[in-house]
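Residue numbers run from 1 in the order of the sequence given.
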Amino acid sequence: MREAIMGSLALSRVDILDHPAPSIAGEVARIAREQLAPLAAGIDAGTVYPAEVLRKFGAVGAWGSHVPHEGPADLRCAIQAMAVIGEVCGATAFMAWCQNTLVWYTANSTNLKLAKRFGDAFSTGRVLGGTGLSNPMKSFFGIEKLKLKGRKVEGGYIVRGALPWVSNLGPDHYFGAIFEREDDQGIAKGEPGTVMFLADCSDPAITLTPCKPFLAMDGTGTYGVQFRDVFVPEELILADPAGPFVKKIRAGFILLQAGMALGVIRDCINIMDEVDSPLGHINRYLPQQPVHFRDLAAELETETMALARDPYNEEETYWRKVIALRLRAGEASVAAAHAAMLHCGARGYLKSHRAQRRLREAYFVAIVTPATKQLRKMLADS
């Protein structure tokens with residue numbers, strides 16, 4: 001029964017075969033060039049949230065290809081689509097990751113009513129949303145305490161607390177989040193129980209507060225979210241308890257972020273190539289050249305595609321490879337953007353030049369959860 005429901009949520013196996021990764025990525029690239037590129041500066045400045053473009057990406061399959069079908073899941077197409085978006089706009093690639101993770105949570109939930117209700121809406125982009133798992137992902141690795149608390153009541157839970165930053169949100173959006181149970185039944189083996197759920201931004205007990213301006217990417221629909229005794233019905237519960245579910249989806253959560261990194265790196269290479277004609281005679285003295293980043297990007301993509309074929313792999317060696325890849329991708333993004341700035345010289349220092357936008361976006365790839373320092377801690381602890 002679950003397989004039948006999940007098979008109808010997005011692209012069927014026949015659809016996936018008829019529209020392989022290059023086809024979906026090609027359509028996404030076309031939309032990105034024609035409709036996203038003119039908005040990139042506004043998204044960076046915070047004057048534009050590209051809801052309609054995100055929906056168009058969903059309509060051509062960008063958010064549905066990684067939905068599990070009869071057991072296995074494959075993240076390659078989703079990552080490739082995200083990368084071509086990232087070549088145009090890193091902020092929108094981040095929103096793409098938010099939407100993809102929301103689909104990933106829903107597609108992996110054992111709550112069949114929830115999957116049936118939301119799966120197709122999320123995977124086609126008709127309903128947009130994100131992920132509130134920054135705090136939980138830190139808490140599970142001993143960095144922070146869970147900021148949301150919940151207690152069991154008839155028909156669901158009452159949730160209170162606040163999350164400082166959740167992205168790809170709006171008044172009609174949803175996002176995944178986790179709370180710690182405060183009731184007696186939430187205590188298991190001396191540890192607090194956790195529950196993962198879908199938060200409905202239209203709930204009057206949920207308040208979205210605009211954040212202070214960021215260094216970049218202000219058009220990502222990022223808000224502080226306040227939960228004031230929000231009733232979360234059982235039909236919005238993704239997983240109870242959350243722990244085993246998070247372990248299942250964590251590799252996908254992290255691997256999908258590789259799309260952001262690959263997109264930023266590719267465009268940094270493009271920027272270096274663009275200034276080769278006027279500045280190549282002097283840029284050849286710089287230690288990092290486009291060819292170095294082409295080789296590095298190829299290595300990262302090859303490793304990403306290999307790992308993305310098997311996101312449910314439970315082996316510890318696989319998990320370490322995922323963490324190590326994500327660490328390399330973040331560091332490579334910053335290195336590529338730094339090199340692009342140096343290759344551009346003074347022209348890259350203009351606010352109108354995208355090289356400085358790429359540098360700011362690259363730093364985001366390195367600090368978004370799991371950040372560089374958390375990844376290093378995870379490797380040291382594993």
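- A salt bridge links E87 with R266: the distance from a Lys NZ or Arg NE/NH1/NH2 to an Asp or Glu carboxylate oxygen falls below 4.0 Å.
- Heavy-atom neighbours of E315 CD from other residues, nucleotides or ligands within 6.0 Å: at or below the threshold of 12.
- Residues L54 and N168 form a side-chain contact, since some pair of their non-hydrogen atoms from C-beta on lies under 4.5 Å apart.
- The hydrophobic cluster containing L359 does not contain L342, counting ILVMFWY residues as joined when their side-chain heavy atoms lie under 4.5 angstrom apart, directly or transitively.
- Among pairs with a residue in residues 258-302, none fulfils ring pair (Phe, Tyr, Trp, His ring centres under 6.0 Å), at least two apart in sequence or across chains.
- Other residues sharing the hydrophobic cluster of I158, ordered by chain and number and joined by side-chain separations under 4.5 Å: V153, F231.
- The pair K116-E235 fails the salt-bridge criterion, with no side-chain N (NZ, NE, NH1 or NH2) lying under 4.0 Å from an Asp/Glu carboxylate O.
- By the 4.0 Å N-to-carboxylate-O rule, E27 lies close enough to R30 to be salt-bridged with it.
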Q.
Checking W97 against T131 for the side chain to side chain contact (heavy atoms under 4.5 Å, CB included) test, could you report, in this order, the C-alpha distance in whole Å, the side-chain angles of both residues, the deciding distance, and whether it holds?
A. CA-CA 9 Å; W97 173 75; T131 168; 3.7 Å; yes
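- Counting only distance, with no hydrogens or angles, the side chain of Q257 and the backbone of T369 share a donor-acceptor pair below 3.5 Å.
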| Does the pair L325 and L255 meet the rule for a side chain to side chain contact (heavy atoms under 4.5 Å, CB included), with working shown? | CA-CA 8 Å; L325 170 69; L255 278 172; 3.8 Å; yes
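- Using modelled atom types, one side-chain atom of N111 and one backbone atom of E234 make a donor-acceptor pair closer than 3.5 Å.
- With sequence neighbours excluded, no residue forms a ring pair (Phe, Tyr, Trp, His ring centres under 6.0 Å) with F57.
- Listed here is the closest heavy atom pair of A308 and I79: CB-CD1, 3.8 Å.
- Using a 4.5 Å heavy-atom threshold, the side chains of R55 and L128 count as touching.
- Members clustered with W165: F214, by chain and number, using a 4.5 Å side-chain heavy-atom cutoff among hydrophobic residues.
- Residue pairs satisfying the side chain to side chain donor-acceptor pair (under 3.5 Å) criterion with at least one member in residues 209-220, sequence neighbours excluded, are listed as follows: T220-T222.
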Given the rule in the ring pair (Phe, Tyr, Trp, His ring centres under 6.0 Å) test, do W319 and F253 qualify, once you have shown the distances and angles that lead to the verdict?
CA-CA 12 Å; W319 175 234; F253 177 95; 9.8 Å; no
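- Between R294 and I269, the closest heavy-atom pair is N-CD1, 3.7 Å.
- A pairwise comparison of heavy atoms in V365 and M260 identifies CG2-CB, 4.3 Å as the closest pair.
- When all heavy atoms of L238 and S109 are compared, the pair lying nearest together is O-OG, 2.8 Å.
- For F179, the ring pair (Phe, Tyr, Trp, His ring centres under 6.0 Å) partners at least two apart in sequence or on another chain are Y157, F197.
- W63 places no side-chain N or O within 3.5 Å of a backbone atom of L102 that could act as its donor or acceptor partner.
- In terms of hydrophobic clustering, with Ile, Leu, Val, Met, Phe, Trp and Tyr side chains grouped at heavy-atom distances under 4.5 Å, I254 and F141 are assigned to a common cluster.
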